[in-house]
Amino acid sequence: MAEAQLYAKVANKHRGRSSSALLEPLLAKGFPAHIAQKALVATGQKTTEDAVKWLHSHCNDPSLDDPIPQEYALYLCPTGRLHSRLQDFWKESKRQCGKNRAHEVFPHITLCDFFTCEDQKVELLYDILKRVGDSFSQSFPPSISLTLHASPSYLGFFIDDSQANVFKSFAAAFASEASALADCHVKPSLKQFHLTLAHRFYPHHQKTLEQLAKCINPGEPCQWVAALYSRDMRFVYYQTLRALFQYKPQNIDELMINAGDLIYVNPAQQSDVSEGWVIGTSHRTGCRGFLPENYTERAHEADTWVKHRHLLCETNITQLLPSLCHSKISCLVSGKYYRADLNFPSSLPRQKDSMKQFECDPPLSCCGIFQSRLIGEALLEQEVTVSYVYSSPALRCVQTAQHVLQGLKLNPKVRIRVEPGLFEWTKWEASRAIPNFMTTAELLEASYNIDTSYRTHFSLSSLVPSESYEDYVSRSSAVIKHITSACPSKGVILIVGHGSSLASLTRALAGLPSRDSGNFAQMVRKIPSLGMCFCEEQKEENKWQMVNPPVKTLTHGANTVFDWRNTILED
C-alpha cells in the first residue's frame, strides 16, 4: 500500500527533458533520458563520471525505471570551528551516553521540510536557491546568537527570534518560488529555529549531556550555509546498516556487499527471516537480498543523503559568481580575501574600490588559469598564429586571454584589447547592475598586458543593466563587425568573451539570424568552460564560415565535449 501511494504521487506527472549539459554525454552513451536524469539526481548533479559510475553499479537495480523522485530538504548548516566543536560533542555524547535521535543527522537548522521534486526539475531548485540567496545577501545577520536549552528529552541551541525571522523569510521565499516554478509542495519551517544536540535520550543522561554541551562555545568562528539535500523517499522509515566486511552470495537470493556499503532494512519485514540474517536493499546497487547481520553495524540515516548545492548565508561571507573556466568560488571574510582551498587564487589584484567588487567581477581559479594556459599551448602546437586579442572587461576574461597568450608564448608580444561591447547579456547579471570592472591602470599594475592605445567601440557607460535581448544581439553584431574591420592583416583574431558570446558573435559574423531568446538561454547552458568556436573568412565569397576549431574541447568532470555544430548552428 505504501508503494502504491508513492507511485500515485508521480503517475500523472509530465516527464520533461533536462537541459543540463551533464545530460548530453549520458544520452550519447545510449542511456535513456529518464534513467540518466535519475543517475544525475542520485549523485547530486556533480559530474558525468559520477553518474556513469552510479548507472553501472545499478545495472541490476529492479527499480531503475521507477518514476519515484527524490525528497529534498533545505538546511542551514554551520561550518568552520563551530562545526568541529559540534562534531566533537556528537562523538563524545555517543561514547558516554549511547546513540540518540540527534545522531541520525549532522548539525543543522531546518529551513524547509522534506518535499518531492521531479528529476528533470531539480536544476530549477538550484537556480531558485541562488536567486533567492542573492536577494537576501544584504539581509542575513553577520552572526547568529545561540542559546542553550535543555529538557528531559531535548537538548539544543535556540536561535534569537530577530535573526531567525530573516532566515524564515528566506525559507518562505525559496518555498514560494520552488512551489511556483518547480511544481513542488514546499513547506518552510514555522517552528522556533533550533539546532538539536540531543533528542529522545534517557532522562538519567540529561546531566552528562548538559555538561558536554556547556563545553561548546557558541561564539566560535562559523560560516552558515543553506544546503540542499536529497534522500530516497522509499526508505525513509527504514534502518540503515553499514557493511563491515565483504560478503559474496552463496545462494541466488543473497545480497552481494562490499565493506562500507550502506543497506536499507525494513524492521517490519524481518519476522520471517532466519536468525542471524536480515533482508535489505543496497544503497550502492539498488539490489535486494539476504545478508548476515553480524557483517554489519548501525549507520546514520543521513549517511545515504546526497548534498546538491549550498549558499553562503552571512553578510560578511560573500559568495562570488563562477568565472568562465573555474570549478570553485572565492570568499571575502570581513572585507579581507580568504583562500578556502588550493583551487582559490593565492591573492587578488588591487582595486581602487573595495574588495567586495570582486563579488560581481570574480577572478579565475587556479584550475581556470591552468586550463587557459593549456589551451594556449595546444594552439601553439597546432601552429596557430594569433595576431590580435580582444577581451570582455570581466576580470576572468582578461585573465583567460593573458594565460592563453602565455601558453602561445606571445606574451607580451600581442597586447589585449579590452572591449566593453564583448560583455555578456546584462540581463543575466545577478546584481542587476553593471560590475565596477578593474580600470586599465589597475590591470597594468597587476601585470596584465593591456593595449593602452586601443579605443573601444562601446564605452563602459553604454552598458545598461538588464538590457533587452534585441539590444544585446544588436550590440554583439556591431562589436564583431567592428573587430573584423579593424584587423585587416592576415592571422587569427582571438576573442575571449562569455558563454553567450559563442552564439551571439559567431551567428552574426556568419550572417545567420539570431535565436529566439528562450532557445538562446537553453543553448548557452550547454556551452562548457573554455568552449571554442572558429570562424574562417572566405574572401572570394565575401563571407565568414564556421569550421572545426584547431584544438579539441578540454573535458574534465562536468566540463563536457562541446559540439559547436549541434549547439551553435542548431535552431
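Quick note: residue numbers are just sequence positions, from 1.
- A side-chain donor-acceptor contact under 3.5 Å links Asp61 to the backbone of Ser63.
- Look at Glu254 and Lys248 and you find no salt bridge, because none of the NZ, NE, NH1 or NH2 atoms lies under 4.0 Å from a carboxylate O.
- More than 12 non-hydrogen atoms from other residues, nucleotides or ligands lie less than 6.0 angstrom from CD of Glu297.
- Distance alone, capped at 3.5 Å, places no donor-acceptor pair between the Glu419 side chain and the Ser392 backbone.
- Inter-residue side-chain proximity for Ile263 and His283 is flagged as unmet; no heavy-atom pair is nearer than 4.5 Å.
- In plain terms, the two heavy atoms of Gln70 and Ser230 that are nearest each other are OE1-OG, 3.4 Å.
- Using a 4.5 Å heavy-atom threshold, the side chains of Phe245 and Pro292 count as separate.
- Using a 4.5 Å cut-off on side-chain heavy atoms (C-beta onward), Pro363 and Arg396 make no contact.
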_I'd like to know whether His34 forms a side-chain hydrogen bond (donor to acceptor under 3.5 Å, both in side chains) with Gln37, so could you lay out the CA-CA distance, the side-chain angles of the two residues, the decisive distance to 0.1 Å, and finally the verdict._
CA-CA 5 Å; His34 67 287; Gln37 287 167 342; over 6 Å; no
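- Salt bridge absent: Arg242 and Asp261 never bring a charged side-chain N and a carboxylate O closer than 4.0 Å.
- A salt bridge is absent between Glu381 and Lys409; no separation between the charged side-chain nitrogens and carboxylate oxygens falls under 4.0 Å.
- With contacts defined as side-chain heavy-atom distances shorter than 4.5 Å, the pair Phe235/Thr281 qualifies.
- Side-chain contact between Val265 and Ile279: absent, with no pair of heavy atoms (C-beta onward) separated by less than 4.5 Å.
- The side-chain heavy atoms of Cys77 and Phe106, taken from C-beta on, include a pair separated by under 4.5 Å.
- Salt bridge status for Arg131 with Asp127: absent, with no side-chain N to carboxylate O gap under 4.0 Å.
- Considering OG1 of Thr116 and CD1 of Ile68, their distance stands at 11.0 Å, rounded to 0.5 Å.
- For Trp305 and Tyr72, the gap between ring centers reaches or exceeds 6.0 Å.
- Remark: side-chain polar atoms of Ser504 are not paired, donor with acceptor, to backbone N or O of Ser476 under 3.5 angstrom.
- With a 4.5 Å cut-off on side-chain heavy atoms, Phe115 and His185 do not count as touching.
- A donor-acceptor pair is defined here as one N or O able to donate and one able to accept, closer than 3.5 Å; such a pair exists between the side chain of Ser365 and the backbone of Gly368.
- A donor-acceptor pair is defined here as one N or O able to donate and one able to accept, closer than 3.5 Å; no such pair exists between the side chain of Ser176 and the backbone of Ala173.
- Aromatic ring pairs are classed by plane angle as parallel below 30°, tilted from 30° to 60° and perpendicular above 60°; the pair Tyr75 and His108 is parallel.
- Salt-bridge formation is not detected for the pair Asp119/Lys38: no Lys NZ or Arg NE/NH1/NH2 atom is positioned less than 4.0 Å from an Asp or Glu carboxylate oxygen.
- Side-chain atoms of Asp361 never come within 3.5 Å of backbone atoms of Pro435 as a donor-acceptor pair (strictly under, hydrogens ignored).
- Residues Tyr469 and Ser514 bring no donor and acceptor atom of their side chains to less than 3.5 Å of each other.
- With hydrogens and angles disregarded, no donor-acceptor distance shorter than 3.5 Å links the side chain of Asn251 to the backbone of Asp253.
- Panel note: side chain Thr110, backbone Cys112; no donor-acceptor pair is recorded below 3.5 Å.
- The existence of a salt bridge linking Lys427 and Glu467 is excluded, since no basic side-chain nitrogen approaches an acidic carboxylate oxygen closer than 4.0 Å.
- Using a cut-off of 4.0 Å between Lys/Arg side-chain N and Asp/Glu carboxylate O, Glu104 and Arg298 are scored as salt-bridged.
- Within 6.0 Å of the CZ atom in Phe520, the count of heavy atoms belonging to other residues, nucleotides or ligands exceeds 12.
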*Output, in order, the C-alpha distance, side-chain angles, deciding distance and verdict of salt bridge (charged side-chain N to carboxylate O under 4.0 Å, His left out) for Glu537 and Lys543.*
CA-CA 6 Å; Glu537 187 178 16; Lys543 68 177 186 179; over 6 Å; no
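- Within the 3.5 Å criterion, the main-chain N or O of Phe423 finds a donor-acceptor partner in the side chain of Arg475.
- Using a 4.5 Å heavy-atom threshold, the side chains of Asp50 and Thr48 count as separate.
- Taking the ring centroids of His308 and Tyr229, they lie at or beyond the 6.0 Å cut-off.
- Between the Arg231 side chain and the Ala302 main chain, no donor and acceptor come within less than 3.5 Å of each other.
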